[in-house]
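In what follows, a structure is listed as structure tokens, so that the remarks can point back to it.
Side chains are part of it too, since the values below use all heavy atoms of this structure and drop only hydrogens, waters and symmetry mates.
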Amino acid sequence: MTRLKTWVSAAALAGGMALASLGAGTARAQETIKVGILHSLSGTMAISETTLKDAMLMLIAEQNKKGGVLGKKLEPVVVDPASNWPLFAEKARELIAKDKVSAVFGCWTSVSRKSVLPVFKELNSILFYPVQYEGEESERNVFYTGAAPNQQAIPAVDYLMKEEKVERWVLEGTDYVYPRTTNKILEAYLKAKGVKPEDISINYTPFGQSDWQTRVAAIKSFGSAGKKTAVVSTINGDANVPFYKELANQGIKATDIPVVAFSVGEEELAGIDTKPLVGHLAAWNYFESIDTPENKAFIQQWQAYKKNPKAVTNDPMEAHYIGFNMWVKAVEKAGTVDPDKVIAALPGTEQKNLTGGTSTMLPNHHITKPVFIGEIKDDGQFDVVNKTEGLIPGEAWSKQLEGSKDLEADWVKLNCGNYNTKTKKCGGA
């Protein structure tokens, strides 16, 4: 054999071994289905998001006990975007491009969701977003299992108007897109209901706000005008703890100026003394205190997983529970984790929620949900004081905003998230 033939044979043998090795590696990679978990485990949002990471790990573990999906075990891939909005995009890219996850469950704030949207569109992956948000969005690659404004903010204001006879309104939020857009919707809604501009006070504070003395004093002053006043709170993250403490410090009781919160649940209340806050409100689509067999089983499962009989559940956890189970059903229906086929399979998918109904994924990539108003009890739980009849379909576009009321989202028939019903064009124009 010539030297050339020897070299060629050796190269071919090495190449074949490399291909065999690569094939074995690919086979190993295909033995599991990877699922991305994109939640802040540090920084200002860790108070809310760490629990969602743990909830996802529990759901994945439970699914693996049932045999996984498509005969394969699920493998969670956890990253920490650290309450850093640009880092969310980097971590999302890492999960999709490097770790090859089949779907991602994550984000809390709208600014984090907005940060990752271009990545999911570019790389054509799937995000399940589990938190109430401001609406005004319907993306092909995103499934919104938290509440749209018509499933939380609007029903909360209706309750305060009707049951509490509120006439003056403080819209108090953290300074980012969710509170600003939600309050824009609520301001338009209140004015349409006859509320005068001077009876609406809107204010924003930074993430992690710790000194609330001046703001709470201003709220107290605004509420002293002789008209029933309420605070609609879109304060997010760990800023809620000093806010509620300062309300108590200044003697603001729920009977005087009730606060209805959209981002305070059982998890956030676990960190503070709730006795002075009894009677303040929160609007969610789930409360731990709701008595159904499904919820009892979920709570027991969670407390066993956490090895803590006092571990609490909350609304975004239920949203992940619904979204995860819908994803499993859609993957099994499609017979593949191919994102295009799973995206097509998700609309129409149903999943029993934990509060006694069955949620459906709509063509606009939002789900149907009940709405509950809960009063804070001294044990950190909520007493449900009001609930909607039946399940409310999530609306991607708000009827209250001029630029949105003519838009429709439908990824099944129209293949569009912002179809203008007047111009008959996709793109919102």
Side-chain angles (χ1 to χ4, degrees), residues 44 47 132 134 149 152-176 178-191 193-265 268-269 271-284 373-376 378 382 385:
T44 188
I47 186 176
Q132 85 291 346
E134 71 281 359
Q152 186 188 37
I154 298 294
V157 165
D158 284 341
Y159 171 81
L160 289 171
M161 275 187 165
K162 183 179 177 183
E163 302 299 332
E164 301 278 349
K165 311 300 181 189
V166 171
E167 297 177 280
R168 293 200 106 195
W169 303 84
V170 178
L171 308 183
E172 189 76 30
T174 301
D175 193 3
Y176 75 106
Y178 162 62
R180 284 191 174 273
T181 307
T182 299
N183 288 340
K184 190 177 176 185
I185 292 166
L186 289 179
E187 183 182 16
Y189 185 73
L190 289 169
K191 286 178 177 177
K193 291 284 187 179
V195 178
K196 296 175 182 177
E198 59 266 28
D199 287 329
I200 303 172
S201 172
I202 305 174
N203 186 72
Y204 300 99
T205 49
F207 277 99
Q209 176 79 6
S210 59
D211 184 0
W212 285 96
Q213 193 170 348
T214 303
R215 264 312 298 156
V216 170
I219 291 169
K220 194 172 184 179
S221 174
F222 187 78
S224 65
K227 293 181 178 179
K228 181 69 174 181
T229 302
V231 176
V232 178
S233 171
T234 47
I235 299 166
N236 245 290
D238 56 9
N240 276 294
V241 176
F243 172 68
Y244 279 96
K245 282 184 178 177
E246 189 57 35
L247 287 176
N249 289 343
Q250 297 197 27
I252 296 179
K253 298 177 181 177
T255 48
D256 305 321
I257 302 177
V259 176
V260 60
F262 300 159
S263 298
V264 173
E268 289 76 15
L269 291 179
I272 59 177
D273 176 14
T274 55
K275 289 182 176 60
L277 306 181
V278 170
H280 286 300
L281 306 163
W284 290 104
I373 310 294
E375 273 189 8
I376 298 173
D378 60 8
F382 290 87
V385 295

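- Here the closest non-hydrogen pair linking P179 and Y204 is O-OH, 3.8 Å.
- Contact of the M161 side chain with the L190 side chain is registered, since non-hydrogen atoms from C-beta on lie closer than 4.5 Å.
- When side chains are defined from C-beta on, V241 counts as touching I47, because their heavy atoms get closer than 4.5 Å.
- Taking all atoms of both residues into account, the shortest heavy-atom contact from P155 to P149 is CD-O, 3.8 Å.
- Rounded to the nearest 0.5 angstrom, H280 NE2 and T255 OG1 are separated by 8.0 Å.
- In this model, no donor atom of one side chain and acceptor atom of the other lie less than 3.5 Å apart for Q209 and T174.
- At a threshold of 4.5 Å between non-hydrogen side-chain atoms, the residues I154 and L186 count as touching.
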- Apply side chain to side chain contact (heavy atoms under 4.5 Å, CB included) to the pair T205 and E172, showing each step before the final yes or no. CA-CA 8 Å; T205 49; E172 189 76 30; 4.3 Å; yes
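- Taking CG of L171 as the reference point, atom NZ of K184 lies at 14.0 Å (rounded to 0.5 Å).
- Note that the CZ atom of F222 and the CD atom of E198 stand 9.0 Å from one another [nearest 0.5 Å].
- Of all heavy-atom pairs spanning G279 and A254, the tightest one is C-CB, 3.2 Å.
- Taking OG1 from T234 and CG from N183, the interatomic distance works out to 4.5 Å, rounded to the nearest 0.5 Å.
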- Message: Using the rule given for side chain to side chain contact (heavy atoms under 4.5 Å, CB included), can you reason through V264 versus L269, listing the C-alpha separation, both sets of side-chain angles and the distance that settles it, and then say yes or no?
- Response: CA-CA 7 Å; V264 173; L269 291 179; 3.8 Å; yes
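- Taking the side chain as every heavy atom from C-beta outward, Q250 and W212 never approach each other to under 4.5 Å.
- In the displayed structure, E163 atom CD is contacted under 6.0 Å by more than 12 heavy atoms of other residues, nucleotides or ligands.
- Two residues are said to be in side-chain contact when any heavy atoms from C-beta on lie closer than 4.5 Å; E167 and D199 fail this criterion.
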- Query: Run the side chain to side chain contact (heavy atoms under 4.5 Å, CB included) check on T274 and Y244 step by step: do they pass?
  - Reply: CA-CA 9 Å; T274 55; Y244 279 96; over 6 Å; no
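- The line from CG of L277 to CZ of F243 is 9.5 Å long, rounded to the nearest 0.5 Å.
- Heavy-atom minimum distance, N240 versus S233: OD1-OG, 4.3 Å.
- Taking 4.5 Å as the limit, some side-chain heavy atom of E375 sits within range of a side-chain heavy atom of L281.
- With a 6.0 Å radius and a threshold of 12 heavy atoms from other residues, nucleotides or ligands, K228 has its NZ atom above the threshold.
- In terms of heavy-atom proximity, S221 sits nearest to S224 at O-OG, 2.6 Å.
- Counting heavy atoms from C-beta on, the side chains of V260 and Y159 never come closer than 4.5 Å.
- Remark: the backbone N or O of A261 is not paired with any side-chain donor or acceptor of S263 at under 3.5 angstrom.
- In this structure, A153 and T182 approach most closely via the heavy-atom pair CB-CG2, 4.0 Å.
- Here the straight-line distance linking atom CG of N236 with atom CD of Q132 works out to 6.5 Å at 0.5 Å rounding.
- Shown here is K253, whose NZ atom has no more than 12 heavy atoms of other residues, nucleotides or ligands within 6.0 Å.
- In this structure the side chain of I376 reaches within 4.5 angstrom of the side chain of F382, judged on heavy atoms.
- With salt bridges taken as basic N to acidic carboxylate O contacts below 4.0 Å, none links K275 and D378.
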